[in-house]
Colleague: 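Let me give you the structure first, and then I'll get to my questions.
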Amino acid sequence: MALAPASSPAPAASTAAPARSYAGPMMLMTTLFFLFGAVTNFNGVLMPYLKEVCHLSDFESSLVPSAFFAAYFLMSLPAGWVLNRIGYQRGIVLGLLVMAAGALVFVPAANAQAFSLFLVGLSLLGAGVTLLQVAANPYVSVLGPAREAASRVSIVGVANGLGGTLSPLVGGLLLFGSASLLKQQLAALPVSQRLAQEAALVKTPYLGLAAFLAALAILFFLVRLPKIESIPADEEATADDTALLAGRKSALDFRHLVLGIGAIFLYVGVEVGLGDFLIRYGQAQHILQLSPFTQELVQKLNAITNFGLLVIGQRPLPIDTAHGFTAAVGAVMVASYWFGTMVGRIAGIPLLRRYPDRPLLVGVCATGALLVLGSIALHGETALWLIVLCGLMNSIMWPVIFPLAIKGLGPFTKQGSSYLIMGIVGGAIISLLMGWLATHGGGLRVAFVVPALCYLYLLFYAVSGYRVR
């Protein structure tokens with residue numbers, strides 16, 4: 001791993017200073033972003049798992065993503081204050097330790113089958129991720145030559161997507177892979193004992209996560225990262241902005257920013273809600289026979305993931321595809337959903353350079369709305385795959401909406417960016433609303449009207465709400 005070289009006087013005036021290598025720090029940052037995606041998207045498997053072992057309604061289980069994403073709203077501003085006090089590197093160490101503490105809470109939570117303790121652990125994980133995000137995002141943007149900032153952001157974005165794709169696959173195997181076998185073995189036991197055995201399954205992945213986070217924290221504490229004294233300041237107003245800025249005292253005085261906060265809120269909400277409710281949506285379809293395509297996909301991914309489990313010393317866990325849709329099959333679909341998002345982000349890099357970004361945003365928002373409405377109208381496996389395709393539609397929304405929302409803010413740019421980051425709390429609220437409708441408003445099919453409405457608002461923003469006035 002490359003360390004920041006100590007400064008020393010040049011031997012001669014004509015000798016150029018050696019270029020600093022940022023390969024080591026970038027590898028560490030890439031690992032962090034992989035971790036962000038893995039921890040966040042594991043909730044899509046954790047939610048239906050906790051619904052069963054803790055006897056929850058759909059509304060109660062929706063508190064899983066809500067507890068996690070509420071931390072973005074509550075911690076975004078305090079995280080900035082913490083980083084100003086202790087610096088970016090120590091802030092990353094603190095964030096990792098907070099996440100490790102949250103992962104450890106899952107052990108007593110599983111022992112007691114206490115849903116409230118699971119929510120405490122999720123809240124700590126979310127708080128740690130928030131602190132890491134606030135530290136790592138700007139750090140990556142200035143970690144090297146400015147002309148390569150976009151490529152660095154793209155690299156960590158792909159790592160984030162890869163982590164988010166793999167974690168539902170591994171989580172589905174660990175929590176659901178041998179579920180049918182486990183149920184047969186424990187069928188003679190009382191329900192409470194059977195659920196206690198199933199609850200214990202969650203301890204292994206989260207103990208492993210806690211150990212990995214602690215090791216990573218020690219590494220970040222010991223390594224010498226390049227010191228970054230400051231992050232680029234707010235965008236200065238140009239002559240053309242003078243008239244636009246006249247009379248504005250806050251970023252919230254800009255209509256397009258306020259509407260953009262709503263767009264970020266709903267984009268994150270729809271992305272999280274669709275992913276986290278996908279397994280429950282599949283269970284509600286009562287699919288007794290999977291198509292040959294889905295069976296082959298599940299079996300191939302199962303084989304790949306089992307190879308990875310063998311490498312780390314875990315026993316391979318088979319996925320039963322002969323008896324229709326199961327939670328384990330759903331975990332593969334969740335992974336496919338996030339895989340579509342990752343592929344779309346990779347494809348979006350050249351597309352957004354070649355074509356205007358706003359028409360592309362219009363296209364994906366309109367298509368997302370049609371996919372969800374089509375899924376509601378249809379039944380069975382087709383309805384599920386239409387939701388999986390929404391992952392591809394979500395892929396370019398953040399990199400398009402965010403710049404549109406802060407355009408023309410001048411000296412209010414940093415303030416506007418903070419408000420947009422706080423809009424990530426949509427991942428907590430939209431999932432909660434979907435859970436409430438699923439429990440009290442007519443079932444999961446009715447609940448999926450919410451993502452369709454979110455896409456329609458995003459379409460409005462792409463058509464006219466983005467305009468700077």
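Positions are given from 1, in the same order as the sequence printed here.
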Colleague: Hey, are the side chains of Ile387 and Leu371 touching, using non-hydrogen atoms and a 4.5 Å cut-off?
Modeller: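 Sidechains of Leu371 and Ile387: no contact.
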Colleague: Look up atom CZ in Arg467 and atom NZ in Lys407, then write down how far apart they are to the nearest 0.5 Å.
Modeller: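 Rounded to the nearest 0.5 Å, the CZ-NZ separation comes to 11.0 Å.
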Colleague: In sequence, state the C-alpha distance, the side-chain angles, and the governing distance for Asn394 and Tyr337, and then conclude on side-chain hydrogen bond (donor to acceptor under 3.5 Å, both in side chains).
Modeller: CA-CA 10 Å; Asn394 297 336; Tyr337 171 83; 3.0 Å; yes
Colleague: Taking all heavy atoms of Gly416 and all of Leu257, pick out the closest pair and write down the distance.
Modeller: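 Looking at all heavy atoms of both residues, the closest pair is CA-CD2, 3.8 Å.
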Colleague: Specify the closest pair of heavy atoms between Ala127 and Ala71, including all atoms of both residues, with the distance to one decimal.
Modeller: N-CB, 3.4 Å
Colleague: Strictly distance-based, threshold 3.5 Å: is any side-chain N or O of Tyr461 a donor or acceptor partner for the main-chain N or O of His256?
Modeller: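 Yes, the answer is positive, given that a donor and an acceptor are paired below the 3.5 Å cut-off.
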Colleague: Atom CZ of residue position Arg90 - does it have more than 12 heavy atoms of other residues, nucleotides or ligands inside 6.0 Å?
Modeller: no
Colleague: Are Asn111 and Lys203 packed together at the side-chain level, in the sense that at least one heavy-atom pair is separated by less than 4.5 angstrom?
Modeller: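 Yes, close enough: below the 4.5 Å cut-off.
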Colleague: Could you check if a side-chain atom of Ile261 sits within less than 4.5 angstrom of a side-chain atom of Tyr419, using non-hydrogen atoms only?
Modeller: yes
Colleague: Sub-3.5 Å donor-acceptor pair from the side chain of Asn160 to the main-chain atoms of Phe33, do we have one?
Modeller: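 Judged by distance alone, yes, a pair lies under 3.5 Å.
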Colleague: Do Leu74 and Thr130 have side chains that get closer than 4.5 Å, going by heavy atoms?
Modeller: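 Not touching, per the 4.5 Å side-chain cut-off.
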Colleague: With a 4.5 Å cut-off on side-chain heavy atoms, are Leu360 and Val400 touching?
Modeller: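 No, their side chains stay 4.5 Å or more apart.
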Colleague: Please answer whether the main-chain N or O of Phe220 pairs with a side-chain N or O of Gln89 as donor and acceptor at a distance below 3.5 Å.
Modeller: yes
Colleague: Measure across Ala109 and Leu117 and return the closest heavy-atom pair with its distance rounded to 0.1 Å.
Modeller: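 Closest approach of Ala109 to Leu117: CB-CB, 3.5 Å.
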Colleague: Should we count CZ of Phe115 as having more than 12 external heavy atoms under 6.0 Å?
Modeller: yes
Colleague: Rounded at 0.5 Å granularity, tell me how far CG in Leu162 sits from CH2 in Trp338.
Modeller: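 Rounded to the nearest 0.5 Å, the CG-CH2 separation comes out at 14.0 Å.
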Colleague: Taking atom CG of Leu119 and atom CG of Leu50, what is their separation to the nearest 0.5 Å?
Modeller: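 CG of Leu50 is found 8.0 Å from CG of Leu119.
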Colleague: To the closest 0.5 Å, what do you measure between CD1 (Ile264) and CD1 (Ile421)?
Modeller: 8.0 Å
Colleague: Would you sort out whether Tyr455 and Thr367 count as a side-chain hydrogen bond (donor to acceptor under 3.5 Å, both in side chains), showing the intermediate values?
Modeller: CA-CA 9 Å; Tyr455 278 125; Thr367 305; over 6 Å; no
Colleague: Would you call the rings of Phe448 and Tyr281 parallel, tilted or perpendicular, taking 30° and 60° as the class edges?
Modeller: parallel
Colleague: Over all heavy atoms of both residues, which pair between Gly344 and Ile396 is shortest? Give the atoms and the distance, please.
Modeller: O-CG2, 4.0 Å
Colleague: Identify the heavy atoms of Leu392 and Ser395 that sit nearest to each other, and give their distance.
Modeller: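 Looking at all heavy atoms of both residues, the closest pair is O-OG, 2.7 Å.
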Colleague: If we only count heavy atoms from C-beta on, is the Leu361 to Leu404 side-chain gap below 4.5 Å?
Modeller: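 Yes, side chains in contact.
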Colleague: Is the shortest side-chain heavy-atom distance between Asp58 and Lys51 below 4.5 Å?
Modeller: yes
Colleague: Answer yes or no: are there more than 12 heavy-atom neighbours, outside Phe339 itself, under 6.0 Å from its atom CZ?
Modeller: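 Open: at most 12 neighbouring heavy atoms sit under 6.0 Å from CZ of Phe339.
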Colleague: Rounded at 0.5 Å granularity, tell me how far CD1 in Ile406 sits from CD1 in Ile401.
Modeller: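 Ile406 atom CD1 to Ile401 atom CD1 measures 12.5 Å (nearest 0.5 Å).
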Colleague: Tell me the closest heavy-atom pair linking Thr30 and Ala159, and the distance in Å.
Modeller: CG2-CB, 3.4 Å
Colleague: After noting the C-alpha distance and the side-chain angles of Ser336 and Trp385, does the key distance pass the side-chain hydrogen bond (donor to acceptor under 3.5 Å, both in side chains) rule?
Modeller: CA-CA 9 Å; Ser336 300; Trp385 280 111; over 6 Å; no
Colleague: Checking the side chain of Thr341 only, and the main-chain atoms of Gly391 only, is there a donor and an acceptor separated by less than 3.5 Å?
Modeller: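 Yes; judged by distance alone, with no hydrogens or angles, the pair exists.
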Colleague: Kindly say whether Ala428 contributes a backbone atom to a donor-acceptor pair with the side chain of Ser66 at under 3.5 angstrom?
Modeller: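 Between the backbone of Ala428 and the side chain of Ser66 there is a qualifying donor-acceptor contact (under 3.5 Å).
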Colleague: Hey, are the side chains of Pro451 and Met434 touching, using non-hydrogen atoms and a 4.5 Å cut-off?
Modeller: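 They are in side-chain contact.
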Colleague: Counting only heavy atoms not in Gln299, do more than 12 sit closer than 6.0 Å to its CD atom?
Modeller: yes
Colleague: Look up atom CD1 in Ile424 and atom CD1 in Ile429, then write down how far apart they are to the nearest 0.5 Å.
Modeller: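 Interatomic distance, Ile424 CD1 to Ile429 CD1, rounded to 0.5 Å: 13.5 Å.
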Colleague: Assign the ring pair Trp398 / Tyr267 to parallel, tilted or perpendicular, where the plane angle (0 to 90°) is split at 30° and 60°.
Modeller: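 Ring orientation of Trp398 relative to Tyr267: tilted.
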